[in-house]
Amino acid sequence: DGGITQSPKYLFRKEGQNVTLSCEQNLNHDAMYWYRQDPGQGLRLIYYSQIVNDFQKGDIAEGYSVSREKKESFPLTVTSAQKNPTAFYLCASSIDPGERPQHFGDGTRLSIL
Amino acid sequence: DQQVKQNSPSLSVQEGRISILNCDYTNSMFDYFLWYKKYPAEGPTFLISISSIKDKNEDGRFTVFLNKSAKHLSLHIVPSQPGDSAVYFCAASTTNAGGTSYGKLTFGQGTILTVHP
């Protein structure tokens, strides 16, 4: 079955540590996205990538970094510079940047210890 | 600046009745709109979409209406079922490849729908 896999489901981080969230897709999609969801708020775009080796900042990129070395993979690193990292993180993909809908993974919940 | 707004945080409906979820947008460049359904601790699932060249799109129990002049869209669910209980997000984007929102979805805050048996 094709889909988007995010791991782990739950992640804990100590203050001052960087942590990387995994996102893998086997849909052969060119475009991939990272969103953050906070209670009472919609999904906010962190970073997106339209093609391998290229990515752009979304609306709330500060304190985050990404890479896109392979078409299938778009990992998100939450750095210690992100002041409020506790949230639900969602990865999505689409066939190409202009294609909708975007398909989502099941998310990773990050908590600070 | 919230470009897509869902002003009702929650909605409670009796099973079998109609559920109407509303969404307003401010960016006139948006020309494609989607509704997603989300259960707790899961990713959103696409429900239905509409292009700005239409004012209505129907798929089974789900119908989306678009009023471009009012910059308003709504999702109707008829009849509502207990399994429809979830958070519903509307999202907007532009098909203009030169636009800043191209390839990006802007989401509303979500509306929690509860359908009572």
Side-chain angles (χ1 to χ4, degrees), chain A residues 3-11 21 23-25 27 29-51 54-61 87-111, chain B residues 1-10 21 23-25 27 29-52 57 59 62 64 86-112:
Chain A
I4 300 173
T5 302
Q6 291 188 243
S7 60
K9 185 77 170 174
Y10 300 94
L11 191 56
L21 283 62
C23 177
E24 303 279 333
Q25 54 99 358
L27 300 166
H29 285 176
D30 280 324
M32 297 187 74
Y33 311 82
W34 274 105
Y35 293 89
R36 168 181 172 141
Q37 186 190 9
D38 294 285
Q41 297 194 41
L43 282 65
R44 293 182 291 167
L45 183 65
I46 304 172
Y47 267 98
Y48 64 106
S49 168
Q50 298 183 348
I51 200 166
D54 180 64
F55 49 83
Q56 289 85 38
K57 293 182 179 180
D59 300 319
I60 54 166
F88 189 53
Y89 291 87
L90 287 156
C91 178
S93 71
S94 59
I95 295 173
D96 61 50
E99 184 67 23
R100 293 149 295 251
Q102 295 174 9
H103 302 271
F104 285 82
D106 279 341
T108 293
R109 180 162 297 281
L110 174 64
S111 300
Chain B
D1 178 27
Q2 190 82 27
Q3 297 187 66
V4 178
K5 294 182 182 179
Q6 294 175 253
N7 291 317
S8 297
S10 62
L21 298 105
C23 180
D24 297 293
Y25 63 96
N27 188 341
M29 294 299 292
F30 289 145
D31 58 7
Y32 195 87
F33 305 89
L34 308 90
W35 284 94
Y36 282 86
K37 174 181 179 180
K38 184 182 181 301
Y39 294 115
E42 293 185 9
T45 302
F46 169 72
L47 268 179
I48 192 169
S49 62
I50 188 167
S51 165
S52 60
N57 189 27
D59 184 2
F62 302 92
V64 56
V87 180
Y88 289 78
F89 290 99
C90 68
S93 69
T94 178
T95 54
N96 177 4
T100 56
S101 295
Y102 180 67
K104 296 160 58 176
L105 293 179
T106 300
F107 285 83
Q109 308 97 308
T111 296
I112 301 170

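Letters go in sequence order (proteins before strands), and every chain restarts at 1.
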Between NZ of B/Lys104 and OH of A/Tyr35, what distance do you get to the nearest 0.5 Å?
-> 9.0 Å
Look up atom CG in B/Leu34 and atom CD in A/Gln102, then write down how far apart they are to the nearest 0.5 Å.
-> 8.5 Å
Residue part contacting chain B, namely of A/Gln56, when any heavy atom lies under 4.5 Å = neither
Interatomic distance, A/Gln41 atom CD to B/Phe89 atom CZ [nearest 0.5 angstrom] | 10.0 Å
For chain A, find its close neighbours in residues 40-49 of chain B: heavy-atom separation under 4.5 Å, sorted by number, or none.
-> B/Ala41, B/Glu42, B/Gly43, B/Pro44, B/Phe46
For the atom pair CG (B/Leu105) and OH (A/Tyr33), what is the distance rounded to the nearest 0.5 Å?
-> 7.0 Å
Does the side chain of B/Tyr36 come within less than 4.5 Å of A/Leu43's, by heavy atoms?
-> no
Tell me, side chain or backbone of A/Asp59 under 4.5 Å from chain B's heavy atoms, or both, or neither?
-> side chain
